[in-house]
Amino acid sequence: MADTTTAATDQAVPATDARTETDDTPPHRYNAALAQDIELKWQRYWDEHAMFETPNPSGPLADPERMADRGEKLFVLDMFPYPSGSGLHVGHPLGYIGTDIYSRFQRMRGRNVLYSMGFDAFGLPAEQYAVQTGQHPAITTAENVANMRRQLHRLGLSHDRRRSIETTDPDYYRWTQWIFRTIFDAWYDTEADKARPISELIQQFAKGKRATPDGRPWADLTAAEQGDVLAGYRLAYVSDAPVNWCPGLGTVVANEEVTADGRSDRGNFPVFKRNMRQWMMRITAYADRLLDDLDALDWTDAIKTMQRNWIGRSEGATVHFPSAAGPITVFTTRPDTLFGATFMVLAPEHPLVDELTTPDQAEAVAAYRKAAAAKKEMDRTDDTREKTGVPIGGTATNPVTGEDIPVWIADYVLMGYGTGAIMAVPCGDQRDFEFARKYDLAIPAIQQPPEAWFAAHGIEPTSGADTSSWPEAYIGDAPYINSSNTALLNGDLDLNGISDVAEGVTAINEWLEANELGEATVTYKLRDWLFSRQRYWGEPFPIVYDDDGVPHALPDDLLPVELPETDSFSPRTFDPDDAGSNPESPLDRLGDWVTVELDLGDGKKAYRRDTNVMPQWAGSCWYELRYLDPTNDKRFVDPEVEEYWMGPRTDVRPDHPGGVDLYVGGVEHAVLHLLYARFWHKVLYDLGHVSSWEPYVRLFNQGYILADAYKDEREIYVDAFAVEERDGGFYFEGEPVTREWGKMGKSLKNAVSPDDMYAQYGADTLRLYEMSMGPLDQSRPWETRDVVGMYRFLQRFWRNAVDEDTGELTVVDNEPDNETARLLHRTIDAVTTECEELRFNTAIAKLIELNNHVTKLDAAPRSVIQAMTLMVAPFAPHIGEELWSRLGHEDSLTYVPFPTADPALLVDDQVELAVQVNGKVRGRVTVAADADDATITALALAEENVARTLDGKAPKKVIVIPGRMVNIVA
RNA sequence: GCCCGGGUGGCGGAAUGGCAGACGCGGCGGAUUCAAAAUCCGCUGUCCGAAAGGGCGUGUGGGUUCGACUCCCACCCCGGGCACCA
């Protein structure tokens, strides 16, 4: 899911950096070599003691004893990675370090934490990498996964490794196929507003409770006809519809995978709209719920807005304009402006254009349509271009005025949105206004804009229909004028006097419905999800076709449908611009596999397998559910286990939807993974398979790690580590290069491997550095030279407890002095809050401050070092465990309670207050914490520098902010 | 064009109405060393000043307030998302 670039190298762990080791280095100094010893030792210990195994309430992973020890559940999840050939760079684990710290912290706070990691291993990059290397994707994927597992383990992440999954594992994708079949065997009941099993629909047809499309009894329909009818209802269905064909990739792709300029998200190849027979998922049935339920989620507004925009709900009306060729139907969000509709505009591709074109316009129309078709291939980014169009000669009738209005075609009307036709209201829509001005069409006013609007445009107010002085269309609430058909048609519609758009819309919608000229309608930008791909490295469909071409889902005992072994896994790709090419699925070539003889209940028959595979996103639509119950071979997840980990927490808030308690990942999945996974989860919820109605209740988007990248004069990236900076310029092999920011990655030749950081400083230092760079949700530039700061912190911390020459513990059993005790407890208080809020950068700063204070003491009190060790442990768990063990504890600190602050030590008896004169600090006074205002005022006025500044002037006013400051107004 | 973020020392950042620059890097000075690295200690926004102290300072201009990085209004710049969506 989280993509990484592909290229080979399975790095061996480099030897530790010799830089810091010389003969006179104290033998027990915390350096890279010691860090490595400590880290490997504790990683082994954690593994051997199954330290991070989390008990389930029931089933194979149940452990009543452990369960009894643990408190309230907490499910922490990362967006699982895509196993690339180049392994991890230091940018990848940013979020993982954050979730690990949070998980470790919460374990110490008593929570039963579920934390694991899997691999999203199907998909294009693995297949492309395999094609490049000639090795089967299963082999390269397994190698890549193994390398990434090693790198993540070396970082000290506290995963429950029993729960790890790979989406390419047949034991996993068996359930991906099972869920597909479940979706295939379901339909959306708009009455109940939820998905139901398809068998219940068939029963309705069979019993005559629901009429077939042509009214014949269900039993009279052939099997193929029944199949077609059901396809119109199923949540997964095959349809012949316009899809995105990408010859360069050799496959079709989903709308979500096409960029704004009409190219493939992956590979950046041109994408063409073509009618093809493909699998679709009826995500549109869930459009309203996907939209409305965002309110129940603790996600950033940015991501919610992106999902709302993608779903693109707009409310309005469909209106039918009678014409010689039959009614022209339009969708409008402003039916209230219908009286101002003075012309219509159709998309050039609109099917009624031919019939409505008059002979005298035929030539112009043909020319315009040809030009429009050509334009499609050009960059559509030119959004400033002037609107063009031609009249086609025919007319349509405005249903509220009865007037005949001209029909035009123009390429600013899109066939793919709404009905491909609009009514043009030039006085109330800016595009229509510009179009009307350009082609000299009537622009009668139907609303009276307020005075302020005219004033703002510097024109004299007009009244009545005259808009000749208007510089632009008027949009918004205003009293309607010229909006009645009582005189025109002897009708009964009169909006005049209404001054509110909502009210106007309601009135006109009622009239349209009563007169059968239109109805209130909601449209969406969201389209059904194109679900099939003509590739090899993906989940096969659990579907076979009979002789009539009717799809049949395979029963449980035939799952999984394993991906067949083959050497010819390369997809057939084409010239990227060859729009006329046709997809060929690699599985099509495997004749033996494609045809099967099966008994699906009515005797042995020959069937043909579906040769598509599922898209990259299928496996990530439900993986969090499999973490819960990874070994279950009866169900994809046991309901009791799901309810424990993900059930709605109505005790937290009444609208709590359930789901993962904390989900951390990048923003790039805003409308892909996050939308698809929500959709699948809701289907599973409707059918009673899960108790939560949203998969991820809280989403946190971490930033990216950026790094300098350098391009030479040919615009080619050069090795960033060989670039020299001198005289304010940058040089590579003596040639000048230019610097730019980018995400870290192989393609920009600026990737830093965590393996190098482990060798130079150790995993604990790397973890601290990544967290200390700034807030987790912010992107930040990587600076290898800055890493040493956190290394020094750990070194000083170590030295506060351990003698560098002898290795002996140096802590003393004395109680800390008052100042130290207070600082310790303030630190505990702050670190606790900051960890709860994922503000790890400031938590680390507070720990460093405390450590710097302890450094200045003659000897460190045991109680202080002990508390510090527990607080440092979530961030730097290896050194934490090591010191904890040296402090005399036999067991791991993993489940030792996090220190708690003594409230008595958080309040000081003496406080220092800043004294301001006219808002500028002029001095400070120390007073008792409970001193009254008069005492404070007297002390403040007496302060030497304050008195000098006042220079004998009497203060006009003194403001005392208890515990903080004094401001003297002079 | 619309919608989100964001603009603070040489750099990453802290402070969300109350002492601007916590913490870290870098830099400067010192200790240690034959020397260096590593480590340790001190200083480090800027200008004036020997110092005490003072002026200026959070993108720009205004406003609210005893007090503004923080709140309000207008604008500029950077990053991201959406975009003939009817």
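Lettering follows sequence order; numbering is per chain, from 1. Bear in mind that the values here come from a model prediction, so they are computed numbers and not experimental data.
Heavy atoms only, all atoms of each residue included: A:Ala759 and A:Ala32 are closest at O-CB, 3.4 Å.
Taking for each of A:Arg922 and A:Gly420 the nucleotide of RNA chain B with the nearest heavy atom, the 5'-most of the two is the partner of A:Arg922. Along RNA chain B, the nucleotide nearest A:Arg29 and the nucleotide nearest A:Asn918 are compared for position; the residue whose nucleotide lies closer to the 5' end is A:Arg29.
Here the C1' atom of nucleotide B:rC2 and the CZ atom of A:Arg308 are 16 Å apart, to the nearest Å. Rounded to an integer number of Å, the gap from NZ of A:Lys387 to P of B:rA83 is 16 Å. Rounded to a whole Å, the CG atom of A:Asp803 is 14 Å from the C1' atom of B:rU39. Protein atom CD of A:Glu804 is 8 Å distant from nucleotide atom P of B:rC40, rounded to whole Å. Whole-Å rounding puts the A:Tyr704 OH to B:rG12 P distance at 20 Å. Atom CH2 of A:Trp310 is separated from atom P of B:rC4 by 20 Å (rounded to the nearest Å). Taking atom CZ of A:Arg792 as the reference point, atom C1' of B:rC41 lies 13 Å away to the nearest angstrom. In this entry the distance linking CD of A:Glu943 with P of B:rC19 reads 17 Å, nearest Å.
Searching all strands for a Watson-Crick or G-U wobble partner of B:rC75 with both distances below 3.5 Å returns B:rG59. Checking B:rG26 for Watson-Crick or G-U wobble geometry (two distances, each under 3.5 Å) identifies B:rU44 as its partner. Across all strands shown, B:rA31 forms a Watson-Crick or G-U wobble pair, both distances under 3.5 Å, with B:rU39. Pair assignment for B:rA15: none, as no Watson-Crick or G-U wobble contacts are both less than 3.5 Å. Pair assignment for B:rA50: none, as no Watson-Crick or G-U wobble contacts are both less than 3.5 Å.
Crowding of A:Glu944 atom CD: a count of heavy atoms from other residues, nucleotides or ligands under 6.0 Å not exceeding 12. The local environment of CZ in A:Arg964 is sparse, with at most 12 non-hydrogen atoms from other residues, nucleotides or ligands closer than 6.0 Å.
Comparing atom distances between the A:Leu414 side chain and each of B:rG24, B:rA83, B:rA86 picks out B:rA86 as nearest. The side chain of A:Asp411 sits closest to B:rC84 out of B:rC25, B:rC84, B:rG13. Relative to the side chain of A:Lys920, the nucleotides B:rC40, B:rC66, B:rC56 differ in distance, and B:rC56 lies closest. In this structure, the nucleotide among B:rG81, B:rG13, B:rC66 sitting nearest to the side chain of A:Val969 is B:rC66. Of all nucleotides listed (B:rC66, B:rA86, B:rA14), B:rC66 comes nearest to the side chain of A:Asn967. Checking B:rG18, B:rG81, B:rG53 against the side-chain heavy atoms of A:Asn945 singles out B:rG53 as nearest. Picking from B:rA15, B:rC85, B:rG18 the nucleotide with the shortest atom distance to the side chain of A:Thr842 gives B:rA15.
Using cut-offs of 30° and 60° on the angle between ring planes, the pair A:Phe331 and A:Tyr417 is perpendicular.
In terms of phosphate contacts, A:Asn31 brings no side-chain nitrogen or oxygen within less than 4.0 Å of OP1 or OP2 of B:rA38. The side chain of A:Gln916 places no N or O atom within less than 4.0 Å of a non-bridging phosphate oxygen (OP1 or OP2) of B:rC19. Contact check, A:Arg431 against B:rC85: a side-chain N or O comes under 4.0 Å of OP1 or OP2. Residue A:Arg796 places at least one side-chain N or O under 4.0 Å from the OP1 or OP2 atom of B:rC40.
Applying the 90° criterion around 0 to the glycosidic angle, B:rG29 comes out anti.
Between the A:Glu943 side chain and the A:Val946 main chain, a donor and an acceptor come within less than 3.5 Å of each other. A:Arg767 places a side-chain N or O within 3.5 Å of a backbone atom of A:Phe875 that can act as its donor or acceptor partner.
Using a 4.0 Å heavy-atom distance criterion, A:Met965 is classed as a base contact. Note on A:Val413: a base of the nucleic acid sits closer than 4.0 angstrom, heavy atoms only. Residue-level contact check: A:Asp301 touches neither bases nor backbone, having no heavy atom under 4.0 Å from any strand. A:Asp432 comes within 4.0 angstrom of no nucleic acid atom, judged by non-hydrogen atoms across all strands.
Using atom C1' as the reference point in both B:rG6 and B:rG55, the two lie 31 Å apart (nearest Å).
Looking at residues 847-858 of chain A, you'll see A:Ile848, A:Glu849, A:Asn852, A:Thr855, A:Lys856 sit with a heavy atom under 4.0 Å from some atom of RNA chain B.
The shortest distance between side-chain heavy atoms of A:Met757 and A:Thr765 does not fall below 4.5 Å. Side-chain contact between A:Glu519 and A:Thr318: present, with at least one pair of heavy atoms (C-beta onward) separated by less than 4.5 Å.
Exactly one of A:Asn852, A:Asn851, A:Val788 qualifies for a side chain to side chain contact (heavy atoms under 4.5 Å, CB included) with A:Phe793. That residue is A:Asn851.
Contact check on A:Asp829 versus A:Arg822 returns no salt bridge, with no Lys/Arg side-chain nitrogen under 4.0 Å from an Asp/Glu carboxylate oxygen.
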